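Structure first, then comments.
Bear in mind the structure is a predicted one, so any value in this text is a computation, not a measurement. The first residue in the sequence is number 1, and the count goes up from there.
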Amino acid sequence: MKTIFKAAALVLAPMTAMALTSVPAAAQSKVGIAVVDLQRAVATSSAYSTARTQIQTTYKAQIDSFTARKNAIDADLKAKGTALEAAMKAAGNKPTPAIQAQYEAYQKAGQDGQAELQRLGQPIALANAYVEEQISAKLSDALKTAMTQAKVDLILSPDATVSYQPTVDITQSVVTQLNALVPSVGIVPPAGWQPGRQGQAAAPAAAPANPSQQPTSR
């Protein structure tokens, strides 16, 4: 895209110079372009960083349980996988009913383990999603203010560019605005809350400084 802009600028330069001599100054404008990483802006905001620390404390029991089961499931799958490889090697890599049954047991253990970990990790995943959604709700306002301050008319994501100078990246400005708009967030979703649903129960105004004082709605 930048190459196209550059080529067009070279072709149109003589015409533009002639046109500007006859166009009133008030009608002349310059489009300001900036780059913003919105995901990084949310992840580096003060509210997000604080909430992540609080989640590690408030949900410690769930996190420890998840980690322990994940380690146990990984070890079990590794042992089953090693046994399956040994059985196949002993059979000369020829399929047999016994090996087929062993393979199906291995697959089922993996699927059951994944389902169990998803269930155990749901409270933690919901807490993270709840934090992100509260901050993201103010992301548009933060971006607009940052654009106005930087006199920017067009925003691009880093993925939409080939290369750019650090000076056009206003992500930190968006972070500054987020910090002002959302100084803190709650980390315990209301009962029945799900990500992305409108009209849900109102969120707590802020996460208490002491994680032990978190609401117990869940």
Side-chain angles (χ1 to χ4, degrees), residues 37-89 99-139 157-159 171-172 174-175 178-179 181-198 200-218:
D37 187 334
L38 296 179
Q39 185 175 4
R40 178 161 60 90
V42 171
T44 57
S45 66
S46 295
Y48 186 86
S49 298
T50 300
R52 289 286 294 175
T53 300
Q54 292 178 332
I55 285 174
Q56 293 295 319
T57 301
T58 303
Y59 292 86
K60 186 178 185 305
Q62 291 93 328
I63 293 173
D64 289 347
S65 177
F66 177 90
T67 302
R69 279 302 296 149
K70 184 178 185 304
N71 291 339
I73 290 171
D74 288 346
D76 180 61
L77 289 175
K78 183 178 180 180
K80 283 183 168 61
T82 299
L84 178 60
E85 289 178 0
M88 292 177 63
K89 184 176 181 180
I99 290 178
Q100 180 63 29
Q102 192 173 351
Y103 174 71
E104 290 176 357
Y106 173 77
Q107 275 195 317
K108 186 176 186 304
Q111 293 169 354
D112 290 348
Q114 184 177 10
E116 181 181 0
L117 291 177
Q118 185 174 1
R119 177 180 59 80
L120 289 174
Q122 186 177 28
I124 307 164
L126 281 178
N128 284 323
Y130 185 51
V131 167
E132 291 176 6
E133 192 161 300
Q134 291 173 85
I135 300 173
S136 296
K138 295 296 183 180
L139 189 56
S157 69
D159 293 340
T171 302
Q172 187 54 49
V174 176
V175 173
L178 279 176
N179 291 343
L181 292 171
V182 195
S184 60
V185 294
I187 66 169
V188 179
W193 182 89
Q194 291 296 323
R197 291 186 182 177
Q198 300 298 323
Q200 301 188 67
N210 185 351
S212 65
Q213 297 175 358
Q214 292 297 336
T216 56
S217 58
R218 291 183 61 83

Does the side chain of Leu117 come within less than 4.5 Å of Phe66's, by heavy atoms?
yes
Report yes if the side chains of Leu139 and Leu181 come closer than 4.5 Å at any heavy-atom pair, otherwise no.
no
In Å, rounded to the nearest 0.5 Å, how long is the span from CD1 of Ile55 to CG of Asn128?
4.5 Å
Hey, could you give me the CG/CD1 distance between Leu120 and Ile73, rounded to the nearest 0.5 Å?
7.5 Å
Considering all heavy atoms, the nearest Ser45-Val175 contact
CA-CG1, 4.1 Å
Could you report the tightest heavy-atom contact between Val185 and Ala51, atom names first, then the distance?
CG2-CB, 4.0 Å
Separation between NZ of Lys80 and OG1 of Thr82, rounded to the nearest 0.5 Å
11.5 Å
Residue pair Tyr106, Gln102: steps toward the side-chain hydrogen bond (donor to acceptor under 3.5 Å, both in side chains) verdict:
CA-CA 6 Å; Tyr106 173 77; Gln102 192 173 351; over 6 Å; no
Is it the case that more than 12 heavy atoms not belonging to Glu116 sit under 6.0 Å from its CD atom?
yes
Are Tyr48 and Arg52 close enough that some pair of their side-chain heavy atoms sits under 4.5 Å apart?
yes
Which atoms form the tightest heavy-atom contact between Ala87 and Ile99, and what is the distance?
O-CD1, 3.6 Å
Search all heavy atoms of Asp37 against all heavy atoms of Thr171 and return the closest pair with its distance.
N-OG1, 3.0 Å
Between Lys78 and Asp74, is there a side-chain N and carboxylate O pair less than 4.0 Å apart?
no
Step by step, would you call Ser184 with Thr50 a side-chain contact (heavy atoms from CB on, under 4.5 Å)?
CA-CA 8 Å; Ser184 60; Thr50 300; over 6 Å; no
Spatial distance of atom CD1 (Ile124) from atom CD1 (Ile187) [nearest 0.5 Å]
11.5 Å
To the closest 0.5 Å, what do you measure between CD (Gln172) and OG1 (Thr44)?
6.0 Å
Between Val188 and Tyr59, is there a side-chain heavy-atom distance shorter than 4.5 Å?
yes
Assess whether side-chain hydrogen bond (donor to acceptor under 3.5 Å, both in side chains) is satisfied between Glu104 and Gln100, documenting all intermediate values.
CA-CA 6 Å; Glu104 290 176 357; Gln100 180 63 29; 3.0 Å; yes
Are any of the side-chain heavy atoms of Leu126 and Pro195 separated by less than 4.5 Å?
yes
Provide the closest heavy-atom pair for Gly186 versus Gln134 in the form atom of the first, atom of the second, distance.
O-NE2, 2.8 Å
Do Ile63 and Gln56 have side-chain heavy atoms sitting under 4.5 Å apart?
yes
May I ask you to check whether over 12 heavy atoms, not counting those of Gln114, lie within 6.0 Å of atom CD?
no
Do you know which two heavy atoms are closest between Val174 and Ala41, and how far apart they sit?
CG1-CB, 4.0 Å
